[in-house]
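In what follows, a single structure is set out as structure tokens and then discussed.
Nothing fancy with the numbering, it's 1 onward along the sequence. Here the structure is a predicted model, which means the values were calculated and not measured.
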Amino acid sequence: RILMLTAYFAPDSAANAVIMTRLAKDLAGIGHQVTVLTTFPHYGEDRFSARYRSKLWAKERIGEISVYRLFLFVPKKKGMILGRLLSYVSWNVLSALAGLMLGRCDILFVPSPPLTNGFVGYIISRLRGVPFVYNVQDIYPDIAVRLGVLRQTTLIGSARKLETFVYGKAAAVSVISGGFRSNLIAKGVPEEKIHLIPNFAETEVIHPLARQNRLSSALGLDDRFVVLYAGNIGLSQGLETVLDAAELLRDNAEIVFLIVGNGATKPALVDLARRKDLQNVMFRPFFPYRDVPELYATSDVCLVPLKRGISEESVPSKAYSILAAGRPLIAAVDEGSNIWDLV
């Protein structure tokens with residue numbers, strides 16, 4: 001019996017949510033009893049659909065998986081530190097209580113971010129007497145410190161103590177790249193506790209398709225050269241550089257930059273494109289997961305940008321999807337980093 005504690009879980013949402021959903025389905029498929037504790041779906045829209053409003057929790061069934069969804073505070077502006085803090089607190093408090101009230105389990109699987117998930121996992125595992133596995137999808141607080149989100153010395157010190165505590169209490173730690181493994185070993189995590197299990201793409205879903213398709217026609221892109229960025233639009237990506245490239249190419253009517261997704265820096269990015277009058281840049285919200293194969297097929301080249309200095313703490317899962325779709329890939333990353341090695 002496996003209890004998975006994850007903030008993002010949906011078959012048609014962001015990349016990490018899709019990965020956790022597929023992992024849970026595969027575990028259930030080989031005979032495990034999988035229960036998932038997660039939030040109401042909110043990632044793409046930053047709000048709950050009508051079916052979840054005015055509720056504190058809801059139980060669902062996805063195939064053989066029991067899914068318990070919980071309320072969390074969703075800030076109107078993702079860039080607000082206080083709003084994000086309230087979001088983490090509401091999720092962590094409710095998930096800890098729910099995790100203690102659910103039925104028996106043999107093991108707890110806890111992916112991060114957020115880093116505080118690990119502490120909640122420890123509380124549940126300690127009080128229920130079961131081990132927990134900590135799955136590191138991004139290395140926090142390293143990313144937050146490099147991006148300047150965490151600046152106060154006291155907060156940085158507290159976050160690093162929490163990180164060390166979680167690594168120490170986990171029965172095992174799984175990482176998604178060799179760079180992550182080296183990072184944790186340098187922090188004193190025993191090598192025998194760390195297991196390298198890379199992320200993946202669903203090749204039966206995402207695979208090469210015709211360049212001209214239903215979606216490319218709907219977007220009016222059949223006869224354009226499409227440069228695609230699809231994913232989180234946040235501090236880590238530094239997409240202002242993409243707009244600089246679009247500005248340099250503004251007189252080439254053949255080329256269009258398609259930016260798909262949502263995130264903390266999207267409003268500022270849209271405003272910057274408007275002020276620069278970039279007619280060759282299109283913004284679209286997240287598409288349903290069923291449209292992702294045609295979205296990648298619509299592109300002529302895809303982008304995987306990361307700000308300088310954080311490539312070692314982040315491995316964008318979109319790279320695997322781009323490769324599965326058979327599209328050319330431009331990775332703007334630090335030399336020697338995980339994505340650099342992959343490409």
If you take all heavy atoms of Phe132 and Ser125, which pair is closest and at what distance?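 Minimum heavy-atom contact is CD2-OG, 3.4 Å.
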
Pairwise side-chain contact, [X] with [Y], heavy-atom cut-off 4.5 Å (strictly under):
| X | Y | result |
| --- | --- | --- |
| Leu56 | Leu94 | yes |
| Gln33 | Ile2 | no |
| Ile65 | Thr35 | no |
| Val120 | Val110 | no |
| Gln137 | Pro113 | yes |

Taking only Lys NZ, Arg NE, NH1 and NH2, and the carboxylate oxygens of Asp or Glu, determine whether [X] and [Y] approach each other closer than 4.0 Å.
| X | Y | answer |
| --- | --- | --- |
| Asp300 | Arg224 | no |
| Asp142 | Lys187 | yes |
| Glu191 | Arg181 | yes |
| Arg22 | Glu204 | yes |

Rounded to the nearest 0.5 Å, what separates atom CG in Leu184 from atom CD1 in Ile139?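 The distance works out to 5.5 Å.
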
[X] side chain vs [Y] backbone, donor-acceptor pair below 3.5 Å:
| X | Y | answer |
| --- | --- | --- |
| Lys59 | Ser66 | no |
| Arg69 | Thr39 | yes |
| Ser90 | Phe73 | yes |
| Arg146 | Arg308 | no |
| Asp106 | Arg1 | yes |

Verify the neighbour count for atom CD of Glu60: are there more than 12 heavy atoms of other residues, nucleotides or ligands below 6.0 Å?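 Yes, the 6.0 Å shell around CD holds more than 12 heavy atoms from other groups.
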
Taking OH in Tyr88 as the centre, count heavy atoms belonging to other residues, nucleotides or ligands within less than 6.0 Å. Is the count above 12?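 Enclosed: over 12 neighbouring heavy atoms sit under 6.0 Å from OH of Tyr88.
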
What pairs of residues pass the salt bridge (Lys or Arg N to Asp or Glu O under 4.0 Å) test when at least one of them lies in residues 111-133, not counting sequence neighbours? none

State whether a side-chain donor-acceptor pair under 3.5 Å links Ser112 with Tyr140. no

Test item: side-chain donor near acceptor, Tyr289 and Glu202, under 3.5 Å: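 Per modelled atom types, Tyr289 and Glu202 side chains form a pair under 3.5 Å.
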
Single-linkage hydrophobic cluster Leu150~Phe165, side-chain heavy atoms < 4.5 angstrom: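 Result: no, two separate clusters.
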
